[in-house]
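These notes concern the structure reproduced below.
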Number of protein chains: 2
Amino acid sequence: MGIGNDAVEIRAQGWRRLAALHGLIEAALEKELQAAHRLSVVEYTVLDALSRQDGWHMRMQQLARAAALSSSATTRLVTRLEDRGLLTRVLCADDRRGIYTELTPAGQQLLDQARPTHDRALEESLTHAEKLPELESLVAALHVT
Amino acid sequence: MGIGNDAVEIRAQGWRRLAALHGLIEAALEKELQAAHRLSVVEYTVLDALSRQDGWHMRMQQLARAAALSSSATTRLVTRLEDRGLLTRVLCADDRRGIYTELTPAGQQLLDQARPTHDRALEESLTHAEKLPELESLVAALHVT
DNA sequence: GTGCACTAGTTGCATGTGCAACGAGTAGAT
DNA sequence: ATCTACTCGTTGCACATGCAACTAGTGCAC
């Protein structure tokens, strides 16, 4: 049980804290976004990532990475959002395998409505987490640019 | 776009980084644990939480909180592990609603085998994440006690 | 050109998850 | 003793996810 094991244990503890904080925040966001806009956290993440491209397209795999999802899950997620009229698939001319997605006005509008909900829920859960001794320092690290 | 909005944006960015790091680590652990021991990350988390109690019991709801899972998911997770002989359900005498779970020798043994895999995969993914500029500071924050 | 290895995205299938409804047990009021 | 409100854990059901297999398209070798 020397110095090496201590490092291992510190890493494991850090990971447990990270997972705990992540779970806390995600649960809060999920609840609020679902209740107010019928959006899941991943769905919001995708819309947000698209809007961050500012009117520009994103390929499916970029979306997959942004949402930390498999490509199959991304396919169905995009289908879901497309069925709700929030985004559209655009075939790309240069590479006909590739598919671009872009926000529709309705998608942009829903995102505009959902963003305050998201930001408020995020702030609340961070404030809550900050009070838990084992999460305090990790929350502080998020404020750092 | 005053100071208030900056704080909001910083929080959002922090959350995206947290989610990214979490996804990175979880995917790596999932892959390694699944391949080497047919264990998912949540399953490992539960076994680990139980062993951390050092031979003592844990109620279903403690387990649910430790794994960031709903109670229904916890029920089935415990059933799965019980079917594999890794833990046992123990009815509690004082409160007959409550159910304790404890590791079996086989569960302890599998955990002992899986822990090095887990710790190594964790170290590797942290080392990898440390090289990504946007995750570097967050990874550093995990080292802090 | 033809063939081959590769990438992008989609689908069948099995599985893990959350929500809501439920049965069982507890604690307190009267 | 009984009624009520609550907690604990389990189950039916719908649904999102990952893996593997597939189709379509690209690019390189020859």
Side-chain angles (χ1 to χ4, degrees), chain A residues 19 22-35 38-47 57-84 86-102, chain B residues 19 22-35 38-47 57-84 86-102:
Chain A
H22 180 273
L24 204 75
I25 297 174
E26 186 166 56
L29 294 183
E30 187 76 42
K31 189 178 156 195
E32 298 289 329
L33 287 173
Q34 199 62 253
R38 303 197 183 280
L39 278 177
S40 71
V41 175
V42 256
E43 286 166 351
Y44 178 90
T45 303
V46 163
L47 296 181
H57 331 277
M58 265 181 104
R59 293 183 88 105
M60 297 293 287
Q61 289 208 339
Q62 293 179 273
L63 241 46
R65 270 190 301 111
L69 242 47
S70 69
S71 36
S72 61
T74 307
T75 292
R76 297 183 237 251
L77 176 53
V78 166
T79 304
R80 227 153 41 210
L81 295 175
E82 193 180 23
D83 288 347
R84 285 175 66 179
L86 302 176
L87 55 78
T88 52
R89 277 180 166 92
V90 180
L91 298 171
C92 177
D94 356 340
D95 185 347
R96 291 194 303 194
R97 293 168 303 182
I99 291 187
Y100 287 135
T101 50
E102 55 183 24
Chain B
H22 180 272
L24 203 74
I25 298 173
E26 187 166 55
L29 295 184
E30 188 76 41
K31 190 178 155 197
E32 298 290 328
L33 287 174
Q34 198 62 253
R38 304 198 183 279
L39 277 177
S40 71
V41 175
V42 257
E43 286 166 350
Y44 179 90
T45 304
V46 162
L47 295 183
H57 331 278
M58 264 181 104
R59 293 182 87 104
M60 297 293 287
Q61 290 208 335
Q62 293 179 271
L63 241 46
R65 271 191 300 111
L69 242 47
S70 70
S71 36
S72 61
T74 307
T75 291
R76 297 184 237 250
L77 175 54
V78 166
T79 304
R80 229 178 307 152
L81 295 175
E82 192 180 24
D83 287 348
R84 286 175 65 181
L86 302 176
L87 54 77
T88 52
R89 278 181 165 91
V90 180
L91 298 170
C92 179
D94 356 339
D95 185 347
R96 291 194 304 193
R97 294 168 301 182
I99 291 187
Y100 288 134
T101 51
E102 55 181 25

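Lettering of chains follows the sequences in order, A, B, ..., and the numbering in each one begins at 1.
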Partners meeting side chain to side chain contact (heavy atoms under 4.5 Å, CB included) with Ala28(A) (sequence neighbours left out):
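Expected list: Ser125(A).
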Which residues share a side chain to side chain contact (heavy atoms under 4.5 Å, CB included) with Ala67(B), sequence neighbours left out
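If we apply the side chain to side chain contact (heavy atoms under 4.5 Å, CB included) test to Ala67(B), skipping adjacent residues, the hits are Val42(B), Val46(B), Leu69(B).
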Suppose we screen for side chain to side chain donor-acceptor pair (under 3.5 Å). Which residues come up paired with [X], at least two apart in sequence or across chains?
| X | answer |
| --- | --- |
| Glu30(B) | Gln34(B) |
| Ser71(B) | none |
| Thr88(B) | none |

Applying salt bridge (charged side-chain N to carboxylate O under 4.0 Å, His left out), name anything that partners [X], two or more places apart in sequence or on another chain.
| X | result |
| --- | --- |
| Glu82(B) | Arg89(B) |
| Arg97(B) | Asp95(B) |
| Glu43(A) | Arg80(A) |

Scan nucleotides 5-17 of chain D nucleotide by nucleotide, 5' to 3', and note B when protein non-hydrogen atoms come under 4.0 Å of the base, S if they reach only the sugar-phosphate, - if neither.
--BSSBBBB--SB
What distance separates Thr101(A) OG1 from Leu77(A) CG, expressed to the nearest 0.5 Å?
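Between atom OG1 of Thr101(A) and atom CG of Leu77(A) there are 10.0 Å.
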Nearest 0.5 angstrom please: Thr45(A) OG1 to Leu29(A) CG, how far?
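Taking OG1 in Thr45(A) and CG in Leu29(A), the distance rounds to 8.5 Å.
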Can you give the first and last nucleotides of DNA chain C, 5' to 3', that have an atom under 4.0 Å from a heavy atom of chain A?
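Under 4.0 Å from chain A, the extent on DNA chain C is dT7(C) to dC13(C).
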Give the residues of residues 22-32 of chain B touching DNA chain C, defined as any heavy atom closer than 4.0 Å, sorted by residue number.
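Output list: empty, so none.
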